[in-house]
Amino acid sequence: MSDVLREQKRYYAERAPEYDDWWYRRGRYALEPDALARWQADAAEVAAALEDFAPGGSVLELAAGTGIWTRQLVELADRVIAVDANAETLALNTSEAELVRADVFEWEPAERFDLVFFSFWLSHVPEERFEEFWSLVRVALAPGGRVSLVDSGAGDTAHTGTDQADGEETRSLADGRTFRIVKRRWRPDELAECVRPVGFELELRDSANGHFLFGGGGLRA
């Protein structure tokens with residue numbers, strides 16, 4: 001594992017207590033009323049799209065974190081396996097899912113799933129491990145299985161680190177500590193094109209106010 005991936009893993013472990021503050025725009029993540037309304041509208045748009053995607057059957061959630069999306073998935077699916085590298089984040093996730101502590105880059109599924117879902121994760125996958133990650137997704141899918149994802153929009157500025165360069169950026173915690181992480185922001189057309197050579201056909205779009213990229217699909221015929 002590279003130094004930046006080790007630092008990224010540590011960052012999300014340390015950030016677990018304040019992660020949901022970011023999603024719900026509390027405390028230091030608070031937005032002005034108009035900006036907050038746009039954020040909330042985009043969050044509702046993405047949540048509705050996931051419900052419309054109808055993730056029934058068995059679902060594998062990769063890099064599940066504190067469970068913001070796990071909690072929606074367990075309401076929609078028959079069974080959810082939620083994988084995350086950090087005990088700190090899984091401790092805040094929901095007991096309604098089957099929680100697995102494992103590094104996504106090192107884990108191998110023992111079964112196949114109807115849906116593989118990941119949120120705000122693909123942008124943290126470095127270029128040199130992009131194909132490896134999608135190989136994991138492919139192996140995890142049952143015949144006819146699908147993929148669904150949510151991530152940062154390419155133009156989103158509501159959660160942006162400093163010192164951005166070469167697919168990385170610096171993030172800070174509430175106590176002032178800083179960490180270097182991978183952050184590769186994708187445009188929908190760009191990402192759809194990049195996953196075709198690794199065997200996937202995805203329909204992706206940006207949310208109305210540009211905060212999020214989202215969509216899904218499956219293996220190419």
Side-chain angles (χ1 to χ4, degrees), residues 1-16 19 59-66 69-70 81-90 93 99-113 115-142 145-154 156 159-171 178-202 204 212-220:
M1 183 183 293
S2 69
D3 290 344
V4 70
L5 285 179
R6 277 191 288 270
E7 190 166 343
Q8 176 172 278
K9 182 177 177 180
R10 191 168 71 254
Y11 166 68
Y12 279 101
E14 297 291 338
R15 189 185 166 201
Y19 187 91
V59 173
L60 170 64
E61 183 181 10
L62 297 172
T66 59
W69 295 94
T70 318
I81 309 293
V83 178
D84 197 86
N86 292 314
E88 294 87 346
T89 47
L90 286 177
N93 208 304
L99 305 177
V100 177
R101 184 184 177 188
D103 191 307
V104 169
F105 291 120
E106 300 172 358
W107 182 73
E108 295 183 6
E111 58 184 293
R112 302 296 177 263
F113 299 87
L115 176 70
V116 175
F117 174 83
F118 38 97
S119 66
F120 302 95
W121 166 248
L122 190 62
S123 56
H124 298 309
V125 175
E127 182 178 3
E128 64 270 18
R129 304 196 76 160
F130 185 82
E131 289 190 24
E132 175 188 344
F133 172 71
W134 284 98
S135 293
L136 166 65
V137 175
R138 185 168 55 248
V139 167
L141 284 175
R146 300 179 298 159
V147 177
S148 178
L149 66 93
V150 182
D151 217 309
S152 305
D156 174 55
H159 184 218
T160 302
T162 59
D163 190 22
Q164 299 174 333
D166 300 322
E168 297 180 7
E169 64 184 39
T170 299
R171 291 277 181 85
T178 61
F179 297 79
R180 195 70 177 164
I181 68 163
V182 175
K183 190 64 178 178
R184 303 172 66 210
R185 296 174 185 269
W186 295 93
R187 299 189 309 274
D189 56 345
E190 177 189 22
L191 179 55
E193 186 64 30
C194 284
V195 299
R196 289 191 184 103
V198 294
F200 290 87
E201 194 70 41
L202 302 181
L204 303 167
F212 311 124
L213 173 153
F214 66 101
L219 290 167
R220 299 186 70 188

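Worth saying up front: this structure is predicted, and the values here are computed from it rather than measured.
Ion pairing between a basic and an acidic side chain is recognised when a charged N comes within 4.0 Å of a carboxylate O; Glu201 and Arg196 show such pairing. Salt bridge Glu168/Arg180: present, at least one basic N to carboxylate O contact under 4.0 Å.
Surrounding CD of Glu190 are more than 12 heavy atoms belonging to other residues, nucleotides or ligands, all under 6.0 Å away. Counting non-hydrogen atoms of neighbouring residues, nucleotides and ligands closer than 6.0 angstrom, the CD atom of Glu7 exceeds 12 such neighbours. No more than 12 heavy atoms of other residues, nucleotides or ligands sit less than 6.0 Å from atom CG of Asp166.
With sequence neighbours excluded, no residue forms a salt bridge (Lys or Arg N to Asp or Glu O under 4.0 Å) with Glu128. With sequence neighbours excluded, no residue forms a salt bridge (Lys or Arg N to Asp or Glu O under 4.0 Å) with Asp84. Arg187 is linked by a side chain to side chain donor-acceptor pair (under 3.5 Å) to nothing, counting only residues two or more places apart in sequence or in another chain. Scanning for ring pair (Phe, Tyr, Trp, His ring centres under 6.0 Å) contacts around Phe212 gives Trp23, Trp39, Phe120, with sequence neighbours left out. For Phe113, the ring pair (Phe, Tyr, Trp, His ring centres under 6.0 Å) criterion is met by no residue, not counting sequence neighbours. Legend: residues meeting side chain to side chain contact (heavy atoms under 4.5 Å, CB included) with Val100, ordered by chain and number and at least two apart, are Ile81, Val83, Ala102, Trp107.
For the residue pair Pro109 and Arg112, the shortest heavy atom distance occurs at O-NH1, 3.7 Å. For the pair Ser119 and Glu61, the tightest heavy-atom approach, listed with the atom from each and the gap, is OG-OE2, 4.3 Å. A pairwise comparison of heavy atoms in Arg185 and Gly153 identifies NH1-O, 3.5 Å as the closest pair.
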Verdict with reasoning, Tyr19 to Thr89, per side-chain contact (heavy atoms from CB on, under 4.5 Å): CA-CA 9 Å; Tyr19 187 91; Thr89 47; over 6 Å; no

Does the side-chain contact (heavy atoms from CB on, under 4.5 Å) test come out yes or no for Leu191 and Leu122, once each step is laid out? CA-CA 10 Å; Leu191 179 55; Leu122 190 62; 3.6 Å; yes

Verify side-chain contact (heavy atoms from CB on, under 4.5 Å) between Glu169 and Ile181, making sure each step is shown before the conclusion. CA-CA 6 Å; Glu169 64 184 39; Ile181 68 163; 4.2 Å; yes

Should Phe130 and Val195 be marked as a side-chain contact (heavy atoms from CB on, under 4.5 Å) after you check the CA-CA gap, both sets of side-chain angles, and the distance that decides it? CA-CA 9 Å; Phe130 185 82; Val195 299; 3.9 Å; yes

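Side-chain contact between Asp103 and Leu5: absent, with no pair of heavy atoms (C-beta onward) separated by less than 4.5 Å. Counting heavy atoms from C-beta on, the side chains of Phe179 and Arg15 never come closer than 4.5 Å. No side-chain heavy atom of Val198 sits less than 4.5 Å from a side-chain heavy atom of Phe133. Looking at Trp121 and Val104, their side chains come closer than 4.5 Å, going by heavy atoms from C-beta outward. Leu204 is listed as a side-chain neighbour of Leu149, based on a closest heavy-atom distance under 4.5 Å. Two residues are said to be in side-chain contact when any heavy atoms from C-beta on lie closer than 4.5 Å; Arg146 and Leu219 fail this criterion. Proximity of Pro188 to Leu202: side-chain heavy atoms (C-beta onward) are nowhere separated by under 4.5 Å. Counting heavy atoms from C-beta outward, Tyr12 and Glu88 have side chains that stay 4.5 Å or more apart.
For the atom pair Leu213 CG and Ser152 OG, the distance stands at 9.0 Å (nearest 0.5 Å). One finds the CG atom of Leu90 at 5.5 Å from the CG atom of Leu99 (value rounded to the nearest 0.5 Å). In this structure, Lys183 NZ and Gln8 CD are separated by 9.0 Å, a value rounded to the nearest 0.5 Å.
The aromatic rings of Phe117 and Trp69 sit tilted relative to each other, their planes meeting at an angle between 30° and 60°.
Side-chain atoms of Arg171 do not come within 3.5 Å of backbone N or O of Thr178 as any donor-acceptor pair.
Note that Arg129 lies in the cation-pi zone of Phe105, set by a 6.0 Å cut-off to the ring centre and a 45° limit from the axis.
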